[in-house]
Structures are given as structure tokens and as C-alpha cells.
2 protein chains.
Amino acid sequence: MSTERIEAARERLGQYMVEQGKKNTRQRDLIVDVFLEVEGHHSLQELQVLVRQRVGTVGYATVYRTMKLLMDAGVAVERHFGSDAARFELAEFGTHHDHLICEACGKIVEFEDPVIEERQDQIARRHGFQVNRHRHEIYGLCAGCVGNVTDGA
Amino acid sequence: MSTERIEAARERLGQYMVEQGKKNTRQRDLIVDVFLEVEGHHSLQELQVLVRQRVGTVGYATVYRTMKLLMDAGVAVERHFGSDAARFELAEFGTHHDHLICEACGKIVEFEDPVIEERQDQIARRHGFQVNRHRHEIYGLCAGCVGNVTDGA
DNA sequence: GTGCATGCAAACGCTTTGCAGTCTG
DNA sequence: CAGACTGCAAAGCGTTTGCATGCAC
């Protein structure tokens, strides 16, 4: 994860905390650190486990509320792949990307494509839509799983 | 909704029913009829309401299991927009489409674009992925809502 | 008749919240 | 100190399922 993105996130969060009169607590700081430092797209469960690897005591509700806070601050984004639990990732500052998801091993690769973005805008325009956001996910098998998937396993 | 698509769906379902030794019941037939005839993307709740407008007695579980059956038969597809309840739509036979969703009025417009499809395949290939399926949703405001959205309302 | 289908109600899994106690600023 | 924050436990909500009864074939 690029350090600049993390720094940008911390900065934005810091501002938000001040503006909203939020407080820094041991748990909150910890969850934020873990979220920012661990790459990927993690569920609340996973985040809680990761946090607990560092200290022993953080409630699920606190993780939940902290991620909500991060979303309000515009630092985190919630995603739903399949019908699993929500996953969180660092918000995009200016940039944008979509996802390739391996249905066998769960691997998630990010991609972005200006051609598709452009094309989308055209389509929306043609239908009189004003685009706010979009979501584009490609599901399949990653290179490592293509050959050796017994499905059942 | 084009009659051919409905017919194709009925045919496929019929075959599946026979193959699997499934039975036709009053409720099941009714749910299937409603699902096939009512356009759009409906939730189980909505489908149950629609069915009950025709007769008085169909349990939620039956709607649930019937839609599951339709999915197994390859006649229905489940979709999740936002974090709402699942919505069902008639499966695509050969074709494929994606969605434009109005965040103000809930209107859903279907679209398809070969350029995007092609581009997707390229991207997947580049990452060593074998594509199974994808999902592409564009959220925004439809023509009717662009001007007069008070947001709060 | 046999066996799938139905409907109710309860179980589930994730998400969200009330509340009493704790801690930050 | 006041007001936020935490953790637990319980409530919500949509989704699934067990079971006794009913119906299609």
C-alpha cells in the first residue's frame, strides 16, 4: 500500500475527527492502524481478528462503529462481493478502480480501465442518467486456480 | 417483456421439472406466472405480494423455494443492488446485460455494451483470470430525477 | 400410496443498537 | 467533569431450514 495514500487517509480522518469532536481512543487508533496498514478487502470479523492479534480486547461493535466512522470520514469504502459479509477497503482519493474476484480462492485483484469508464459515461448519457458511482466486478478463476479446481473441494 | 423470452423460460423450466421429478402445484405455477409476467427486478417480499394479489395463500418460504428452483433451472437470476434484499430477474438466454440504477426513484434500466464486454475479457486475460461472469452497475440519477431531487425528501 | 411441496415457526448469520460503565479532552 | 466511546448482550432483518401436514402424480 502506498504510503502517500495512507497519509492522505490519516490526514482526512484527522480533520474529520476534529470537526466532529470525535475522540481518539486506544481501540479506535488500533483499528484505524490495522485497517490502514493491512492491505486488501477485509470483513469486520477479519479486522477484529487482526486487531486482537495486537491486543486482546476490542469488541466487535467497536470495530463496526469505527469502520462506520471511517466511512463517514470518507476514508473507507464498504463493498459487497457475492452475498458474503461486507468488506472494507481504503477509499480512493481521486482515482478509481474495480475488481477481479477469484471464485475459487477468494483472491481479489484491482483494475482500472479508462476505456470502460468512458464507455460507461456514454451509456449513461444516452439514457439520460447522471452518474454518481458505479461498481464493476468480474468473477472467475485466477491463474493459480484455473488448472486445479476440483470444485467440490 | 418479449413473449419469446418468456416462452424460452417456460420451456427450459418444463424440461428441468421433468428431469428432476419436480411437481407442478397451484402455488408454484402461480409464482412462476407472476415472476415471468411481471417485468422488472423484484424481491421475495414483492413477489409474494404480487402473488397474493391473485390468490390469498402463498407462504414466504414457498416463494423463496420456488425462486431457488427457478435459479437452479437457470430461468431466474438473483441480484443484489446496494445492500437491500435480493432481487430476481429473468435469466438471459444467450444475451447479457447490465444495469443503470437511479438512486432517487429506484428505476432500473438495462444496458449492454460489446465494447465493455470485450475490454473486460482483455483485462481478465491480462491478469490470468478466466471469466465466469461479471456484474456492472452504474448508480446515479435518471433523467426524471436529475432536476428535482431534494435529496432529503 | 409415495414422495415432493407447503406453511409455519424457529434457526441463522450478519448488522445494528440500547445501556451501564469507562475514558478522553 | 461532560460528553464520547466501549463492550456486552439483545434486537433487527433478510435468508434458510425442520417438521407435520397436504397434494400431485
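Chain letters run A, B, ... following the sequence lines, proteins first, then strands; residues in each count from 1.
- For the OP1/OP2 pair of C:dC4 and a distance below 4.0 Å, the side-chain nitrogens and oxygens of B:Thr25 include no atom meeting the criterion.
- Residue-level contact check: B:Thr57 touches the backbone only, with heavy atoms under 4.0 Å from sugar-phosphate atoms and none from bases.
- Here the C1' atom of nucleotide D:dT16 and the CG atom of B:Leu44 are 11 Å apart, to the nearest Å.
- When heavy atoms are screened at a 4.0 angstrom cut-off, A:Asp84 is found touching no nucleic acid atom at all.
- The residue B:Ala85 sits close only to the backbone: its heavy atoms come under 4.0 Å of sugar-phosphate atoms, none of a base.
- With rounding to whole Å, A:Met17 atom CE is found 19 Å from D:dG3 atom P.
- For B:Lys22 and B:Ala61, each mapped to the nucleotide of DNA chain C holding its nearest heavy atom, the one lying further toward the 5' end belongs to B:Lys22.
- Taking atom CZ of B:Arg65 as the reference point, atom P of D:dG14 lies 19 Å away to the nearest angstrom.
- B:Lys23 has no side-chain polar atom (N or O) that falls below the 4.0 Å cut-off from OP1 or OP2 of C:dG3.
- Residues A:Gly74 and A:Arg12 share a closest heavy-atom pair of O-NH1, 3.0 Å.
- In this structure, the CZ atom of A:Arg52 is 14 Å from the P atom of D:dT6, given to the nearest Å.
- Contact annotation: side chain of B:Arg26 to base of D:dG22, donor-acceptor pair absent below 3.5 Å.
- Rounded to whole Å, the distance from CD on B:Glu46 to P on D:dT15 is 11 Å.
- Picking from C:dG7, C:dT15, D:dC25 the nucleotide with the shortest atom distance to the side chain of B:Asn24 gives D:dC25.
- Partner of A:His96 under the side chain to side chain donor-acceptor pair (under 3.5 Å) criterion, chosen from A:His136, A:Glu110, A:His134: A:His134.
- The separation between A:Met67 atom CE and D:dC5 atom P is 16 Å, rounded to whole Å.
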Please determine whether side chain to side chain contact (heavy atoms under 4.5 Å, CB included) holds for the pair B:Arg5 and B:Leu90, giving the CA-CA distance in whole Å, both sets of side-chain angles, and the decisive distance to 0.1 Å. CA-CA 9 Å; B:Arg5 249 177 106 189; B:Leu90 191 54; 4.0 Å; yes
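- Between A:Arg10 and A:Asp33, some side-chain heavy-atom pair lies under the 4.5 Å cut-off.
- Checking the phosphate oxygens (OP1, OP2) of D:dG7, a side-chain nitrogen or oxygen of A:Gln27 falls inside 4.0 Å.
- Distances shorter than 4.0 Å separate some side-chain N or O of A:Tyr64 from OP1 or OP2 on C:dT16.
- Applying the 4.0 Å criterion to OP1 and OP2 of D:dC5, one finds that A:Arg28 has a side-chain N or O inside that range.
- Counting all heavy atoms, side chain and backbone alike, B:Val131 lies closest to B:Ala124 at CG2-CB, 3.3 Å.
- Whole-Å rounding puts the B:Arg87 CZ to D:dG14 C1' distance at 13 Å.
- At C:dT15, one or more side-chain N or O atoms of A:Tyr60 fall inside 4.0 Å of OP1 or OP2 (strictly under the cut-off).
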